[in-house]
Amino acid sequence: MDIKGKIAVMNWKCNPSSKEEAEALAIASDMDGVIICPPAPFIEAVRNKLNKAILGSQDGFWEEGAFTGEYSFNQLASVGVKYSVIGHSERRWLFSEDSNLISKKVKAAIKAGIIPILCIGEKERISEPEAIETVLSQLMASIKDIAEDDMENIIIAYEPVWAIGTGKNASLKEVEPVILGIIEYFKENFDKKMNIIYGGSVLSENVKNYMISPYIGGVLIGGSSLNKDKALEIIKIIRSTI
Ligand code: PGA
């Protein structure tokens, strides 16, 4: 399920409150290049409203069986999920998911035919070389069991944690060198061309900054994805810059 051009991943997090609101939001963002990741209870309702956008999930579990509250990537695939956000900073920091656990999810998603959108990012604002080192070590630990042939089947979401939900997006000047650092690392060590997107307070006012970079494959949008007008404006800007 390859998307041509830059992508917009809509991460609704634990929103909205009702199926009806989820359906209305899905209809408003149903455009090419968009991946909509609703909370699990609304996955099927959202899927039934999509014609152009692609269905995603916000997580998944690597096994099936006696794991109360979890749902597997195979189960997600069976209801039409094509992409899964994995290792979002809220999972890492609020739910104590470490890169070792995340690596099991990445592997299971790929096995189920789902493209992982693997999130990485430094917690505090640090220097550029430190940020590159931090995200690369997170990334390598999160894909430690992944065959080299599968690496290009992962979308990496570079999301500085300090920029998420704060309204303080990282500037292109801050983001681009880190993304380039990851791209170069994979090129040199594995001869792989990685697809990397940016996330963290993406708004209609700043999205264009990222889209002009040839190294940034798209954006992951949290807060703004919950407002129909703002989401549509962002999608339109992305489509107009590619
Ligand atoms: P935000 O969330 O756009 O509200 O900062 C981004 C995210 O979900 O990572």
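Both counts, for ligands and for their atoms, begin at 1 and track the order of listing. Throughout, numbering of the chain's residues begins at 1 and tracks the sequence.
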Handout entry: Side chain, backbone, both or neither: the part of Glu90 lying under 4.0 Å from ligand 1 by heavy atom
Key = neither
Handout entry: Mode of Ile164 contact toward ligand 1 - side chain, backbone, both, neither (heavy atoms, under 4.0 Å)
Key =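 Looking at Ile164 and ligand 1, atoms from backbone and side chain both fall under 4.0 Å.
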Enumerated ligand 1 atoms positioned under 4.0 Å from heavy atoms of [X]:
| X | value |
| --- | --- |
| Asn11 | 8 (O) |
| Gly165 | 1 (P), 4 (O), 5 (O) |
| Gly200 | 5 (O) |
| Leu220 | 7 (C), 8 (O), 9 (O) |
| Lys13 | 2 (O), 7 (C), 8 (O) |

Problem - Under 4.5 Å side-chain linkage, directly or through intermediates, the cluster mates of Ile27 - result: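 Joined to Ile27, directly or through intermediates: none.
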Problem - Side-chain donor/acceptor of Asp30 to backbone N/O of Leu50, under 3.5 Å - result: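 Answer holds: no.
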Practice task
Salt-bridge test for Lys105 and Asp59: reply yes if a basic N is under 4.0 Å from a carboxylate O, no otherwise.
Solution key: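 Yes, Lys105 and Asp59 are salt-bridged.
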Problem - Salt-bridge criterion met for Glu233 and Lys230 (N-O under 4.0 Å) - result: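 Looking at Glu233 and Lys230, the cut-off is not met.
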Practice task
Answer with yes or no whether the side chains of Asn74 and Lys111 bring together a donor and an acceptor at under 3.5 Å.
Solution key: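 No, no side-chain donor-acceptor pair sits under 3.5 Å.
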Exercise for the section: Determine, using heavy atoms of Ser201 and all atoms of ligand 1, whether some pair is separated by less than 4.0 Å. Expected result: yes
Practice task
Mark the output for Gly199 as yes if a heavy-atom distance to ligand 1 is under 4.0 Å, and as no if none is.
Solution key: no
Problem - Distance-minimising heavy-atom pair for Ser201 and Lys168 - result: OG-N, 3.5 Å
Practice task
Determine, step by step, whether Trp12 and Val46 satisfy the side-chain contact (heavy atoms from CB on, under 4.5 Å) criterion, reporting the C-alpha distance in whole Å, the side-chain angles of both residues, the deciding distance to 0.1 Å, and the verdict.
Solution key: CA-CA 12 Å; Trp12 292 354; Val46 166; 3.8 Å; yes
Exercise for the section: For ligand 1, find out whether one of its N or O atoms is nearer than 3.5 Å to an N or O atom of His88. Expected result: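 Looking only at distances, the answer is yes, because the N/O contact criterion of under 3.5 Å is met.
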Handout entry: Inter- and intrachain pairs under salt bridge (charged side-chain N to carboxylate O under 4.0 Å, His left out), touching residues 117-143, at least two apart
Key = Arg125-Glu174
Exercise for the section: Between Cys37, Ala157, Gly222, Ser89, flag the one that comes closest to atom 3 (O) of ligand 1 by a heavy atom. Expected result: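 Among Cys37, Ala157, Gly222, Ser89, the closest heavy atom to atom 3 (O) of ligand 1 belongs to Gly222.
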Problem - atom 4 (O) of ligand 1: the protein heavy-atom neighbour that sits closest, reported with distance to 0.1 Å - result: Gly223 N, 2.8 Å
Completion exercise
Of all protein heavy atoms, the one nearest atom 9 (O) of ligand 1 is Glu159 OE2, 2.5 Å
Practice task
Could you check whether the rings of Tyr198 and Tyr210 sit parallel, tilted or perpendicular, using 30° and 60° as the cut-offs?
Solution key: parallel
